[in-house]
**Student:** 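Following this message is one structure expressed as structure tokens.
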Amino acid sequence: MKLIAANWKMNMTPSQTREYVEKFLPLVEMVQDREVLLCPPFTSLCVAQELLRGSSVKLGAQNCYHEPKGAFTGEVSIDMLKELGVSYVIVGHSERRWLFGESDELINKKLTACLKAGMRPILCVGERLEEREAGLTLKVVETQIRLALSCLEEYTDSLDIAYEPVWAIGSGNPATPEDVQLVHAYIKDLLRDINAKHRGESRVLYGGSVNPTNAGDFLHMENVEGLLVGGASLNPETFSQIVKSY
Ligand code: PGA
């Protein structure tokens, strides 16, 4: 089933979350053929969990820490997320990589912790503009995925991957259909190369300036098995249109 995920980033207080979810749920009530995921900030997980109970909309977190507990001021563990009904965690978003200095090594540790705890990660990968212009897109994506999955080769079916070109995020300038097809097909081949027993159960999502006008086009593409939506997910009507686009 295709996965349509909302990444709210640092937006929405708990009371705004309540208002959003109350408007959003009736709008997507009839949707059965795709999985819908909301990833609010940590501070809104509790209220979101309460409101999503009994609905098929899933709850995700935007980040996590890999240690189970201890002296890690400001961090949030996977057990803490699990208790709030979180079933997905976004790992390695480009904002984490480039604004907060997350390395491939740290991303690998986070993936390891998620996968061993039975939490499904959405691993984000994507090239920066200068890398794209230098013709390095596939190389960058391959390196990010290989390093993220190092020593986790047998888990290729237990995560989803979001291809999010850094230059397309929040820019109003999405990747072209040709680029998306090419990179997604490459990622699928790469997973089979990493794990000879790969069963093809990990979805490859596209993210970067998705909106209600272009969402259907992306979802029709071969190898696009979902979307990770930032800005356009902040309004419940707009996001519901994306969820329902064909
Ligand atoms: P955008 O963000 O939809 O605002 O481009 C996507 C993302 O960062 O996940």
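Since this is a predicted model, take the numbers as computed values, not measurements.
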**Student:** Roughly how far apart are S233 OG and L37 CG, rounded to 0.5 Å?
**Tutor:**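 Atom-to-atom, S233:OG and L37:CG are 10.0 Å apart.
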**Student:** Are P40 and L45 side-chain neighbours, meaning at least one heavy-atom pair lies under 4.5 Å?
**Tutor:**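 Contact flag for P40/L45 side chains = yes.
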**Student:** Show your working on side-chain contact (heavy atoms from CB on, under 4.5 Å) between I90 and C124 and close with a plain yes or no.
**Tutor:** CA-CA 7 Å; I90 298 173; C124 298; 3.7 Å; yes
**Student:** Whether the side chain of R203 engages the backbone of M1 through a donor-acceptor N/O pair (distance < 3.5 Å, no angle test) should be reported.
**Tutor:**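 Pair found, side chain donor or acceptor close to backbone of M1.
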**Student:** Would you confirm whether D157, through its side chain, and G200, through its main-chain N or O, come within 3.5 Å as a donor-acceptor pair?
**Tutor:**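 Pair found, side chain donor or acceptor close to backbone of G200.
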**Student:** Do you know which two heavy atoms are closest between V36 and F239, and how far apart they sit?
**Tutor:**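 Of all heavy-atom pairs spanning V36 and F239, the closest is CG1-CE2, 4.2 Å.
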**Student:** Does this structure show an ion pair linking K2 with D33, if we count only N-O contacts that are shorter than 4.0 Å?
**Tutor:**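 Salt bridge: no.
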**Student:** Applying ring-ring contact (aromatic ring centres under 6.0 Å, His included) as the test, list every pair that has at least one member in residues 86-130; sequence neighbours left out.
**Tutor:**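 Those involving residues 86-130 do not exist here.
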**Student:** What distance do M12 atom CE and S44 atom OG have between them, rounded to the nearest 0.5 Å?
**Tutor:**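 Result: 8.5 Å between the selected atoms.
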**Student:** Can you tell me how far CG of L51 sits from CZ of R18, rounded to the nearest 0.5 angstrom?
**Tutor:**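 With rounding to 0.5 Å, CZ (R18) is 5.0 Å from CG (L51).
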**Student:** Under 4.5 Å between any side-chain heavy atoms of F218 and P174, yes or no?
**Tutor:**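 With C-beta onward as the side chain, the pair touches.
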**Student:** Please round to the nearest 0.5 Å and tell me the distance separating atom OG1 of T137 and atom CD of E127.
**Tutor:**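 If we round to the nearest 0.5 Å, T137:OG1 and E127:CD are 3.5 Å apart.
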**Student:** Under the side-chain contact (heavy atoms from CB on, under 4.5 Å) criterion, do I4 and V31 qualify, and how do the steps go?
**Tutor:** CA-CA 11 Å; I4 318 292; V31 175; over 6 Å; no
**Student:** Can you get from L81 to V91 by hopping between Ile, Leu, Val, Met, Phe, Trp and Tyr side chains that sit under 4.5 Å apart?
**Tutor:**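 Yes; tracing contacts between hydrophobic side chains, which count when under 4.5 Å, links both residues.
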**Student:** If I compare all heavy atoms of G208 with all of E164, which pair ends up nearest, and what's the gap?
**Tutor:**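 Of all heavy-atom pairs spanning G208 and E164, the closest is N-OE2, 4.2 Å.
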**Student:** For residues L205 and V224: do they belong to one hydrophobic cluster (side chain heavy atoms under 4.5 Å, members Ile, Leu, Val, Met, Phe, Trp, Tyr)?
**Tutor:**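 In one cluster with L205: V224, no.
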**Student:** Find out whether T13 and T43 are in side-chain contact, i.e. whether some heavy atom of one side chain is under 4.5 Å from a heavy atom of the other.
**Tutor:**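 A side-chain contact under 4.5 Å is absent here.
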**Student:** State, to 0.1 Å, how close R34 and V243 come at their nearest heavy-atom pair, and which atoms those are.
**Tutor:**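 For R34 and V243, the tightest heavy-atom pair comes out as CD-O, 2.9 Å.
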**Student:** Roughly how far, to the nearest 0.5 Å, is CG of L152 from CG of N195?
**Tutor:**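 If we round to the nearest 0.5 Å, N195:CG and L152:CG are 11.0 Å apart.
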**Student:** Determine whether L159 and L149 satisfy the following criterion, side-chain contact (heavy atoms from CB on, under 4.5 Å), listing intermediate values before the conclusion.
**Tutor:** CA-CA 10 Å; L159 80 164; L149 284 173; 4.2 Å; yes
**Student:** Mind checking whether L138 and V183 have side chains closer than 4.5 Å, heavy atoms only?
**Tutor:**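 In contact.
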**Student:** With a 4.0 Å cut-off on N to O distance, would you call K139 and E131 a salt bridge?
**Tutor:**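 Salt bridge flag = no for E131 with K139.
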**Student:** Is any side-chain heavy atom of R96 less than 4.5 Å from a side-chain heavy atom of L106?
**Tutor:**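 The answer is no, as the side chains (C-beta and beyond) never meet within the 4.5 Å cut-off.
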**Student:** Heavy-atom distance under 4.5 Å between the side chains of M10 and Q62, does that happen here?
**Tutor:**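 They are not in side-chain contact.
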**Student:** Provide the closest heavy-atom pair for L111 versus P121 in the form atom of the first, atom of the second, distance.
**Tutor:**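 Shortest heavy-atom contact: CD2-CB, 3.4 Å.
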**Student:** Could you note down all residue pairs passing salt bridge (Lys or Arg N to Asp or Glu O under 4.0 Å) where residues 173-197 supplies at least one of them, sequence neighbours left out?
**Tutor:**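 The answer is R132-D179, R146-D193, K188-E225, D189-R192.
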**Student:** Quick check: is L59 connected to I78 through a chain of hydrophobic side chains (ILVMFWY, heavy atoms under 4.5 Å apart)?
**Tutor:**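 Yes, same cluster.
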**Student:** Has E222 got more than 12 heavy atoms of other residues, nucleotides or ligands less than 6.0 Å from its CD?
**Tutor:**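 No, not enclosed.
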**Student:** Flag yes if more than 12 heavy atoms outside E105 fall under 6.0 Å of its CD atom; otherwise flag no.
**Tutor:**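 For E105, atom CD is not crowded (no more than 12 foreign heavy atoms under 6.0 Å).
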**Student:** Using a 3.5 Å distance criterion without hydrogens, assess whether the side chain of K110 forms a donor-acceptor pair with backbone atoms of C64.
**Tutor:**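 Yes: the side chain of K110 pairs with the backbone of C64.
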**Student:** Return the orientation label for the Y163 and H184 ring planes: parallel under 30°, perpendicular over 60°, tilted otherwise.
**Tutor:**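 The arrangement is perpendicular - the two ring planes meet at more than 60°.
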**Student:** Evaluate whether atom CD of E154 has more than 12 neighbouring non-hydrogen atoms of other residues, nucleotides or ligands under 6.0 angstrom away.
**Tutor:**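 Counting other residues, nucleotides and ligands, CD of E154 exceeds 12 neighbours.
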**Student:** Any non-hydrogen side-chain atom of V229 less than 4.5 Å from a side-chain atom of T238?
**Tutor:**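 Answer no - side chains too far apart.
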**Student:** Under the criterion side chain to side chain contact (heavy atoms under 4.5 Å, CB included), which of N108, T112, D104 is the partner of S150?
**Tutor:**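 Only one option passes, and that is N108.
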**Student:** As a test of understanding, state which of L182, N223, I145 forms a side chain to side chain contact (heavy atoms under 4.5 Å, CB included) with I187.
**Tutor:**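 Only one of L182, N223, I145 forms a side chain to side chain contact (heavy atoms under 4.5 Å, CB included) with I187, namely I145.
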**Student:** Are V125 and I194 connected into the same hydrophobic cluster when the rule is that any two of I, L, V, M, F, W, Y join if their side-chain heavy atoms are below 4.5 Å apart?
**Tutor:**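 Yes.
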**Student:** Please check: side-chain N/O of R128 versus main-chain N/O of V166, any donor-acceptor pairing under 3.5 Å?
**Tutor:**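 No: the side chain of R128 does not pair with the backbone of V166.
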**Student:** With a 4.5 Å cut-off on side-chain heavy atoms, are D79 and E83 touching?
**Tutor:**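 SC-SC contact between E83 and D79 ruled out.
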**Student:** Counting only N and O atoms by type, is there a donor-acceptor contact under 3.5 Å from the side chain of Q49 to the main-chain atoms of V47?
**Tutor:**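 No, because the side chain of Q49 does not come within donor-acceptor range (under 3.5 Å) of the backbone of V47.
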**Student:** Could you report the tightest heavy-atom contact between V141 and G126, atom names first, then the distance?
**Tutor:**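 Nearest heavy atoms, V141 then G126: CG2-CA, 4.3 Å.
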**Student:** S171 and S209: which non-hydrogen atoms are nearest, and at how many Å?
**Tutor:**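 Closest heavy-atom pair between S171 and S209: N-OG, 3.4 Å.
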**Student:** L25 vs E29, test: side-chain contact (heavy atoms from CB on, under 4.5 Å). Steps then yes/no.
**Tutor:** CA-CA 6 Å; L25 283 182; E29 203 169 46; over 6 Å; no
**Student:** To the nearest 0.5 Å, what is the distance between CD (E75) and NE2 (H66)?
**Tutor:**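 NE2 of H66 is found 9.0 Å from CD of E75.
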**Student:** Using atom types as modelled and distance alone, determine if a side-chain donor or acceptor of K82 lies under 3.5 Å from a backbone N or O of A117.
**Tutor:**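 Looks like yes, one N/O pair under 3.5 Å.
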**Student:** Should V180 and V204 be counted in the same cluster of Ile, Leu, Val, Met, Phe, Trp and Tyr side chains packed under 4.5 Å apart?
**Tutor:**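 Yes, V180 and V204 fall within the same hydrophobic cluster.
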